[in-house]
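Right, one structure below, let's go through it.
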Amino acid sequence: MNYFKSKIISSKGFTLVEVIVTIIAAGILGAIFIQLMGTALNSSWNAVEIVRDEANAEKVMEQIIADYVAHINNDPAAALNDMATNYNGRTIDGVRITTRYIVFDGSGNEVTAGSSDNLKVELSVSGAVAPAITGRYSLTTLLANSRTTDDPIVLY
């Protein structure tokens with residue numbers, strides 16, 4: 001009869017070894033999680049800087065294109081030259097502007113020219129707080145002298 005009683009009695013709960021192993025595993029996972037979250041929190045400001053820099057570049061590009069439309073509607077022959085002289089080397093709201101005349105060779109490669117009907121406008125922004133982290137952002141557009149004084153005015 002004693003034999004049956006020992007078989008019926010079952011242990012309930014966790015052993016001390018199981019509790020210790022669980023605590024150690026939770027501690028290791030917690031340390032890894034805190035390390036990863038710390039890294040993410042340290043660089044979370046980066047997204048705000050990127051968006052601000054890109055918005056500034058977009059704003060300046062829109063300003064340049066609006067200015068070009070106004071110039072080409074008033075004097076199509078001088079529009080590209082006016083844009084090149086007004087904007088080359090300038091910095092507006094932290095956005096550096098570079099302009100240069102280009103032509104395309106037979107292979108479609110871009111070649112710098114002294115003067116042509118194509119003006120390449122490049123905007124570049126470096127991160128203001130930490131350039132090594134935020135990197136460099138750029139926008140490029142190509143302004144072409146494709147209108148004559150006989151063409152109708154374009155409204156944008």
Side-chain angles (χ1 to χ4, degrees), residues 1-72 79-80 82-113 116-146 154-156:
M1 191 73 94
N2 287 339
Y3 174 73
F4 291 113
K5 284 184 183 177
S6 65
K7 288 288 186 182
I8 295 175
I9 298 173
S10 63
S11 63
K12 295 185 181 187
F14 298 104
T15 65
L16 183 58
V17 173
E18 292 171 333
V19 171
I20 291 173
V21 167
T22 303
I23 291 173
I24 290 173
I28 292 171
L29 291 175
I32 292 170
F33 179 74
I34 288 173
Q35 179 65 30
L36 293 176
M37 286 303 296
T39 303
L41 288 174
N42 285 339
S43 63
S44 65
W45 60 270
N46 195 11
V48 174
E49 296 293 323
I50 291 169
V51 169
R52 189 203 64 217
D53 290 345
E54 289 177 351
N56 279 343
E58 290 284 341
K59 178 183 79 169
V60 171
M61 183 62 81
E62 289 176 11
Q63 176 184 346
I64 289 170
I65 291 174
D67 193 22
Y68 177 65
V69 169
H71 276 81
I72 203 160
L80 286 181
D82 290 346
M83 296 303 291
T85 56
N86 290 344
Y87 286 105
N88 192 33
R90 286 185 59 193
T91 301
I92 301 174
D93 292 335
V95 179
R96 177 129 173 90
I97 305 166
T98 306
T99 63
R100 61 188 170 102
Y101 287 101
I102 62 168
V103 293
F104 296 96
D105 64 12
S107 302
N109 297 320
E110 166 184 318
V111 179
T112 302
S116 74
D117 286 338
N118 303 311
L119 181 68
K120 184 176 183 178
V121 179
E122 296 176 295
L123 308 181
S124 60
V125 181
S126 293
V129 176
I133 296 173
T134 58
R136 181 180 165 145
Y137 309 99
S138 64
L139 292 173
T140 303
T141 192
L142 187 63
L143 303 177
N145 189 15
S146 60
V154 177
L155 300 175
Y156 287 97

- Message: Donor-acceptor pair, distance only, cut-off 3.5 Å: does the side chain of Asp93 make one with the backbone of Val95?
- Response: no
- Query: Would you say the side-chain atoms of Glu18 pair up with the backbone N or O of Thr15, donor to acceptor, closer than 3.5 Å?
  - Reply: yes
Minimum-distance pair of heavy atoms, taken over all atoms of [X] and [Y]:
X	Y	value
Thr99	Met83	CG2-O, 4.4 Å
Ala57	Val125	CB-CG2, 3.8 Å
Val103	Ser116	CG1-CB, 3.5 Å

- Item | Step-by-step side chain to side chain contact (heavy atoms under 4.5 Å, CB included) determination, Asn118 to Leu143 | CA-CA 6 Å; Asn118 303 311; Leu143 303 177; over 6 Å; no
- Item | Pairwise side-chain contact, Gln63 with Ile92, heavy-atom cut-off 4.5 Å (strictly under) | yes
- With side chains defined as the heavy atoms from C-beta onward, is the minimum distance between His71 and Asn86 less than 4.5 Å? yes
- In this structure, are over 12 heavy atoms from other groups packed under 6.0 Å from Phe14 atom CZ? no
Roughly how far apart are [X] [atom1] and [Y] [atom2], rounded to 0.5 Å?
X	Y	atom1	atom2	result
Asp117	Ile102	CG	CD1	11.5 Å
Thr141	Ile64	OG1	CD1	9.0 Å
Asp82	Ile72	CG	CD1	11.0 Å
Leu123	Glu54	CG	CD	12.5 Å
Asn56	Leu139	CG	CG	11.0 Å

- Message: Go through it in stages, so that I can follow the logic: the residues are Asn88 and Thr98, the test is side chain to side chain contact (heavy atoms under 4.5 Å, CB included), and I'd like the CA-CA distance, side-chain angles, deciding distance and then a yes or no.
- Response: CA-CA 5 Å; Asn88 192 33; Thr98 306; 4.0 Å; yes
- Task: Could you go through the side chain to side chain contact (heavy atoms under 4.5 Å, CB included) check for Val121 and Tyr68 one step at a time?
- Result: CA-CA 11 Å; Val121 179; Tyr68 177 65; over 6 Å; no
- Item | Intermediate values then yes/no, side chain to side chain contact (heavy atoms under 4.5 Å, CB included), Glu110 and Arg100 | CA-CA 11 Å; Glu110 166 184 318; Arg100 61 188 170 102; 2.6 Å; yes
- Donor + acceptor pair across side chains of Tyr87, Asp67 (<3.5 Å): yes
- Task: Could you tell me whether the side chains of Ser124 and Arg96 share a donor-acceptor contact shorter than 3.5 Å?
- Result: no
